[in-house]
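Data block below; observations after.
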Amino acid sequence: METVIHYQAIVIGAGHAGCEAALALANMQIETLLLTLNLDSIAFMACNPSIGGTAKGHLVKEIDALGGAMGRNADKTCMQIRMLNRGKGAAVQSLRAQTDKDKYHICMKELLENTPHLTIQQSEVCEILVQNGKVYGIRTTYKQEIHAEAIILATGVYLKSAVIAGDFQQPAGPNGFAPANRLTENLISLGFQVRRFKTGTPARIDGRSIDFSKCTVQEGDMDIYPFSFLTKAVPKKQHHCYLTYTNPTSHQIILDNLHRSPLYCGIIKGTGPRYCPSIEDKVVRFSDKDRHQIFLEPETEHSNEYYIQGMSTSLPHDVQEKLYHSIAGLENCKIMRYAYSIEYDCIDSLDLYPTLEFKKIEGIYVAGQVNGTSGYEEAAAQGLIAGINAGLKIKGLPPFILQRDEAYIGVLIDDLVTKGTNEPYRMMTSRAEHRIYLRQDNADLRLTEKGYAIGLVDKKRYTLYKKRKKNIENILQILQTKLLPKEVTAFLAKYNYPTPSNALTYADLLRRGIPIVDICTTFSILQNFKNEDIETATIQIIYEGYLKKGLEQIEKAKKLEDRKLPKNFNYHTLEGLRLEARQKLSQIQPENLGQASRISGVSPADIAVLMVYLSMQKQ
């Protein structure tokens, strides 16, 4: 038998969740082993070559504020960046970057390889080793035994993954990478509930065969901030993306071939993502629409491949040819990689604590798409939190749990472990009840202190954070400067406001809807401050009333969060609870009344019963 190797922590999988988990552990000075099926698949962008998007951009900013790597890597490999929803309120504005997928992989791999306390190895895990309800290591398919105090499972979509297009099926991971076929049975034996989910990806097309003159140019934004608070500015040189549309001919090709679609003929059994449907689903579900948006996005600077966003499909290759050729600009396109769907095994996230530790076995943490989520950003956020909590447990320190009022990451994880998901979960701004407070621009103000306390934010970054915080305070103070009526009369007249009877502050002008740029230019103020600092201060003033109400709601919710529930409690013994509530509460074992109130199937009446029980216990 081979000599047993020892580490403090092992991360299984090197996708976006595994990378963040491994980096967090190593930066906490935990001796960590990162295992991957293939070194060439580290941080691989199997689907769209982009980072961010609606609500997802919030996650990336929060990951960065806590000391994670995704934001910095996205900035470093950015080909184009845009601010989505610029015409809407600050709470729903989100960054989205088109990234060079090859560079993203290379840069993340380089970072991992040069991080102290981290070892990378190409191996397939077939068994997680457990004794007396506690994990103690793993075994690889090469029969190598490696021991550790904590294991993070971040296998993505590779568990028994199968690629499907038409009637073609093949055991494979994304982009032809090998699947992980031997771990699922072990997970079931350990008590995990395993489900089958499905995702998909569109074709990649040779850019030289696209007639871009028939498409609408989508340019990047230059006057915005990047993902990372450490990156000085967005790139000056940005690549174009393009917009085109499906049409009635495209839709008819799909409808004529639905009987050949694995989604509709029963070949695909897995549950697909509601908010990122295939083109077949779009045409069937939205039959009243005569067209759908299609975005043409470059995959890398070193290739002619274009990603056809909005055209995910599992139709047979011959149908794909007809379908793509029916679209304006793609009439003569050459497909370099055909679209496909991929089915994979994942676990029930209700089996996890808010720390992402498995409830049934101590020391196993689970993060990423294996938890039933979709998207690189959701995966990275979970990986970071799983890595932090595994590291804290190894050090004998209290766990790190972000609440719903502290971060989108808190909303994401609370949804997973409290409500669960029966389909691939996607983060959206509508899921965050405190989104006016959880904005992109203030992610560092909310979370950098926490990252510094954990040890993931270094002193240099912490110094920059304190400087920004002080600058915002100074800006807010300057904006409270009073102006006499005669000083603002002419300025207000330009905006059809009458002469004021009393003194006004710059903040008062902002509240009247006057742009901060005009105020700064006219009165020569804030010339030495960064635009992003001015923006954050401006938002605080404009949304002051909403923020105050939001904080009142947060304080009210905290009263329920502060009322802890007993661990491993048998809710079936508690009279007054409805049967469904007893079952759900016993399964999820909420940590407090706040979490209990968010469980699907637990009513306000059930919460009242729990409150009475806690009061009696206190007496």
Side-chain angles (χ1 to χ4, degrees), residues 54 57-58 61 81-96 216-226 229 232-234 236 238 429 432 434-446 467-554:
T54 305
H58 292 70
K61 295 288 282 187
I81 189 165
R82 299 176 67 195
M83 183 70 77
L84 305 184
N85 298 327
R86 293 193 82 173
K88 298 182 179 180
V92 297
Q93 293 177 7
S94 298
L95 283 171
R96 184 183 188 272
T216 305
V217 175
Q218 301 283 292
E219 296 181 346
D221 294 327
M222 304 298 295
D223 58 337
I224 57 174
Y225 48 75
F229 292 96
K232 292 182 179 180
V234 300
K236 293 181 180 179
Q238 296 189 25
T429 54
H434 306 298
R435 56 186 171 274
I436 189 64
Y437 184 68
L438 306 179
R439 306 183 312 275
Q440 283 187 141
D441 67 276
N442 69 357
D444 60 333
L445 303 180
R446 292 184 278 116
K467 182 180 179 181
R468 170 168 148 79
K469 186 178 179 182
K470 183 64 176 176
N471 285 341
I472 292 170
E473 291 171 355
N474 290 337
I475 292 168
L476 288 170
Q477 188 173 0
I478 291 170
L479 292 176
Q480 295 303 324
T481 303
K482 288 187 177 181
L483 300 165
L484 296 174
K486 64 180 181 180
E487 295 178 279
V488 294
T489 297
F491 180 68
L492 286 172
K494 290 197 304 182
Y495 292 92
N496 298 317
Y497 280 109
T499 301
S501 55
N502 299 311
L504 295 176
T505 64
Y506 296 121
D508 291 329
L509 300 180
L510 272 174
R511 294 187 189 100
R512 282 167 166 75
I514 299 174
I516 185 66
V517 175
D518 289 359
I519 296 171
C520 291
T521 302
T522 303
F523 297 98
S524 299
I525 61 170
L526 309 180
Q527 304 300 317
N528 298 320
F529 292 96
K530 291 182 178 179
N531 289 336
E532 51 262 44
D533 297 345
I534 296 173
E535 179 184 337
T536 297
T538 300
I539 292 170
Q540 287 189 32
I541 290 171
I542 293 173
Y543 291 95
E544 185 178 13
Y546 295 104
L547 289 169
K548 185 178 180 181
K549 289 181 180 179
L551 288 172
E552 290 173 357
Q553 292 173 347
I554 289 170

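Quick note: residue numbers are just sequence positions, from 1. Source: prediction; values computed, not measured.
A side chain to side chain contact (heavy atoms under 4.5 Å, CB included) with Leu479 is found for exactly one of Ile525, Leu509, Thr505, Ile534, namely Ile525.
Remark: the backbone N or O of Arg439 is paired with a side-chain donor or acceptor of Asn442 at under 3.5 angstrom. Of the possible donor and acceptor atoms, one in the side chain of Gln238 sits under 3.5 Å from a partner among the backbone N and O of Ile81. At least one donor-acceptor pair closer than 3.5 Å links the side chain of Thr481 to the backbone N or O of Ile478. Here the side chain of Gln480 pairs no donor or acceptor atom with the backbone of Ala507 at under 3.5 angstrom. For Lys61 (side chain) and Pro226 (main-chain N/O), a donor-acceptor pair under 3.5 Å exists by modelled atom type.
If you check the side chains of Thr429 and His58, you find no donor sitting under 3.5 Å from an acceptor.
No side-chain heavy atom of Leu547 sits less than 4.5 Å from a side-chain heavy atom of Ile539. A 4.5 Å side-chain heavy-atom check between Glu532 and Phe229 finds every atom pair outside the cut-off. In this structure, Leu84 and Gln93 have side chains that are not in contact, with every pair of non-hydrogen atoms separated by 4.5 Å or more. Within the 4.5 Å cutoff, no side-chain heavy atoms of Lys548 are placed close to those of Leu551.
Applying the salt bridge (Lys or Arg N to Asp or Glu O under 4.0 Å) definition to pairs two or more places apart or across chains, none involves residues 491-507. A ring-ring contact (aromatic ring centres under 6.0 Å, His included) check over residues 513-552, counting only residues at least two apart or in different chains, returns the pairs Phe491-Phe523, Tyr506-Phe523.
Take Tyr497 and apply the side-chain hydrogen bond (donor to acceptor under 3.5 Å, both in side chains) test, not counting sequence neighbours, and it matches no residue. For the side-chain hydrogen bond (donor to acceptor under 3.5 Å, both in side chains) test, no residue two or more places apart in sequence or in another chain qualifies with Glu219. Residues forming a side-chain hydrogen bond (donor to acceptor under 3.5 Å, both in side chains) with Thr521 (at least two apart in sequence, or on another chain): none. Take Asp221 and apply the salt bridge (charged side-chain N to carboxylate O under 4.0 Å, His left out) test, not counting sequence neighbours, and it matches Arg86.
For the atom pair OG1 of Thr522 and CD of Glu487, the computed distance is 13.0 Å after rounding to the nearest 0.5 Å. Distance check: Thr538 OG1 to Leu510 CG gives 5.5 Å after rounding to the nearest 0.5 Å. One distance of note links CG of Leu476 with CD of Gln540; it measures 5.0 Å at 0.5 Å rounding.
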Open item on the list: Applying side chain to side chain contact (heavy atoms under 4.5 Å, CB included) to Leu504 and Lys482, what does each step give before you reach the verdict?
Closed with: CA-CA 5 Å; Leu504 295 176; Lys482 288 187 177 181; over 6 Å; no
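Heavy-atom minimum distance, Pro500 versus Pro485: O-CB, 3.4 Å. Contact detail for Pro498 and Leu492: the closest heavy-atom pair is O-CD1, 4.1 Å.
Remark: Asp533 does not engage Lys530 in a salt bridge, criterion side-chain N to carboxylate O under 4.0 Å.
Within 6.0 Å of CD in Gln527 there are more than 12 heavy atoms belonging to other residues, nucleotides or ligands. Residue-environment remark: CG (Asn528) stays at or below the threshold of 12 foreign heavy atoms within 6.0 Å. Around CG of Asn85, the count of heavy atoms belonging to other residues, nucleotides or ligands within 6.0 Å exceeds 12.
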